[in-house]
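Hydrogens, waters and symmetry mates are skipped; everything else that's a heavy atom, side chains included, is used.
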Amino acid sequence: MGEVKRNMTQDYGTDYGKSNDILGHSNGMVFGYGRVSTKDQNSARQKEALQNKCDVYFEDKLSGRNMDRPEFQKMIEQLRPGDSVMVVSIDRLGRNLKELVELSSKLKDMGVNIVALNQGIDTSSKMGQLFYNFMALMSEMELMFIQERQREGIELAKQNGRYKGRPLKKLDGWEQLSKEVAENKLSVDRACQLLKISRSTFYRRKKNDEIDF
């Protein structure tokens, strides 16, 4: 699986497009990638499905959660604008949504297409551009769900008296300066200047200390 030897004048012809059903043409090389989770699993079906449709084939026998796969990294290093990465199924590139979104975005920025045979994905086509929109939407939805779970967890912790909030940053001289402000010996603006904080931060800190001034 060594270094790829490129032939930029290569013509795939009509039979190549028909063999793929979804990849009708390519401006660069087609890199096949196969992955199975363990060394005991058989990757023959992936290899058979991809080898006749790509110029070079890479394969890893590692968990999809590990994005530092050796053959995968070799492939990434050899990709050039106009190339395509072909997999049997999109989950062969990784089973973590966040990493899939990041990888698809990276390949898009590189000018590299993604082809997933089972899902009928070909990002070089106009319809294939919907894949990027879908991935971005899924990433946004996942973030919304995470934030919602965080809010629910905080609310539940508050109800049970277990929520302490974010630890307050240590401010040297806070007690003395806040006391002087409370006794009208020092202005808020001057105290903020000495503490190197904003007025809003000062008042939030005061509220937290439950000091009425």
Side-chain angles (χ1 to χ4, degrees), residues 1 4 6-8 10-38 41-146:
M1 295 183 189
V4 172
R6 292 175 177 270
N7 180 3
M8 303 307 293
Q10 183 177 6
D11 183 7
Y12 294 116
T14 56
D15 287 340
Y16 182 85
K18 289 179 181 179
S19 69
N20 276 333
D21 291 331
I22 61 173
L23 185 64
H25 66 278
S26 174
N27 295 325
M29 298 187 65
V30 180
F31 289 70
Y33 179 71
R35 176 185 60 78
V36 289
S37 298
T38 68
Q41 291 181 325
N42 193 335
S43 60
R45 293 181 63 183
Q46 291 183 63
K47 188 173 184 179
E48 181 180 359
L50 294 172
Q51 275 197 317
N52 293 332
K53 297 180 176 66
C54 61
D55 299 298
V56 59
Y57 177 73
F58 293 84
E59 178 180 292
D60 278 306
K61 293 189 176 183
L62 294 167
S63 170
R65 295 180 181 179
N66 179 10
M67 295 303 285
D68 295 325
R69 292 163 277 169
E71 293 301 317
F72 179 83
Q73 292 301 327
K74 287 181 184 178
M75 178 183 72
I76 292 294
E77 291 171 2
Q78 297 177 41
L79 292 172
R80 299 292 182 271
D83 289 344
S84 297
V85 173
M86 180 181 289
V87 290
V88 170
S89 179
I90 195 65
D91 65 353
R92 297 303 85 193
L93 293 177
R95 289 178 296 205
N96 178 289
L97 177 59
K98 180 177 180 294
E99 290 174 341
L100 276 175
V101 170
E102 291 176 351
L103 174 61
S104 63
S105 178
K106 177 180 179 179
L107 293 180
K108 182 180 181 181
D109 291 342
M110 292 171 61
V112 174
N113 303 314
I114 297 174
V115 178
L117 300 179
N118 287 355
Q119 288 79 32
I121 296 171
D122 179 2
T123 61
S124 67
S125 68
K126 291 183 179 180
M127 288 298 294
Q129 294 299 309
L130 294 175
F131 167 77
Y132 294 119
N133 297 334
F134 176 76
M135 293 296 284
L137 176 61
M138 290 297 100
S139 180
E140 184 176 345
M141 289 181 63
E142 183 180 45
L143 179 60
M144 290 172 58
F145 291 146
I146 291 173

Chemist: So, Ser104 side chain and Leu100 main chain: donor-acceptor pair closer than 3.5 Å or not?
Modeler: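 The answer is yes, because a donor-acceptor pair under 3.5 Å joins these two groups.
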Chemist: Any side-chain to backbone donor/acceptor pair from Asp55 onto Met29? Under 3.5 Å, distance only.
Modeler: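 A pair under 3.5 Å: no.
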Chemist: I need the minimum non-hydrogen distance between Arg69 and Tyr33, along with the two atoms involved.
Modeler: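 Scanning both residues completely, I find the closest heavy atoms to be NH1-OH, 3.0 Å.
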Chemist: Please determine if Arg45 and Glu48 form a salt bridge, counting it only when a charged side-chain N lies under 4.0 Å from a carboxylate O.
Modeler: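 Not counted as a salt bridge, because no side-chain N and carboxylate O are separated by less than 4.0 Å.
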Chemist: Leu107 and side-chain contact (heavy atoms from CB on, under 4.5 Å): which partner among Thr123, Leu79, Asn113?
Modeler: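 Only match with Leu107 under side-chain contact (heavy atoms from CB on, under 4.5 Å): Leu79.
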Chemist: Between Arg92 and Arg35, is the side chain to side chain contact (heavy atoms under 4.5 Å, CB included) condition met? List the steps.
Modeler: CA-CA 6 Å; Arg92 297 303 85 193; Arg35 176 185 60 78; 3.4 Å; yes
Chemist: Give the minimum heavy-atom separation between Cys54 and Gly32, together with the two atoms involved.
Modeler: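 Answer, listing the atom of Cys54 first, then Gly32: CB-N, 3.6 Å.
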Chemist: Just say parallel, tilted or perpendicular for the rings of Phe58 and Phe31, cut-offs at 30° and 60°.
Modeler: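 Parallel: the ring planes of Phe58 and Phe31 meet at under 30°.
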Chemist: So which heavy atom on Leu117 is nearest to which on Lys53, and how close?
Modeler: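 Closest approach of Leu117 to Lys53, heavy atoms only: CD1-CD, 4.2 Å.
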Chemist: How far apart are the C-alpha atoms of Ile114 and Met86, what are their side-chain angles, what is the distance that settles it, and do they pass the side chain to side chain contact (heavy atoms under 4.5 Å, CB included) test?
Modeler: CA-CA 6 Å; Ile114 297 174; Met86 180 181 289; over 6 Å; no
Chemist: Shortest non-hydrogen contact from Ser89 to Ala116?
Modeler: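 Closest approach of Ser89 to Ala116, heavy atoms only: C-CB, 4.4 Å.
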Chemist: Can a donor-acceptor pair be found, under 3.5 Å and without considering hydrogens, that links the side chain of Gln119 to the backbone of Ile90?
Modeler: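 Such a contact is found between Gln119 side chain and Ile90 backbone.
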Chemist: Which pair of non-hydrogen atoms, one from Phe72 and one from Asp60, has the smallest distance, and what is that distance?
Modeler: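 Closest approach of Phe72 to Asp60, heavy atoms only: N-OD2, 2.9 Å.
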Chemist: So which heavy atom on Gly34 is nearest to which on Gln46, and how close?
Modeler: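 So the minimum-distance heavy-atom pair works out to CA-OE1, 3.4 Å.
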Chemist: Does Asp83 use its side chain to pair, donor to acceptor, with the backbone of Arg80 at less than 3.5 Å?
Modeler: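 Yes, Asp83 side chain to Arg80 backbone: donor-acceptor pair under 3.5 Å.
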Chemist: Go through Ile121 and Val115 one step at a time and tell me if the side chain to side chain contact (heavy atoms under 4.5 Å, CB included) criterion holds.
Modeler: CA-CA 5 Å; Ile121 296 171; Val115 178; over 6 Å; no
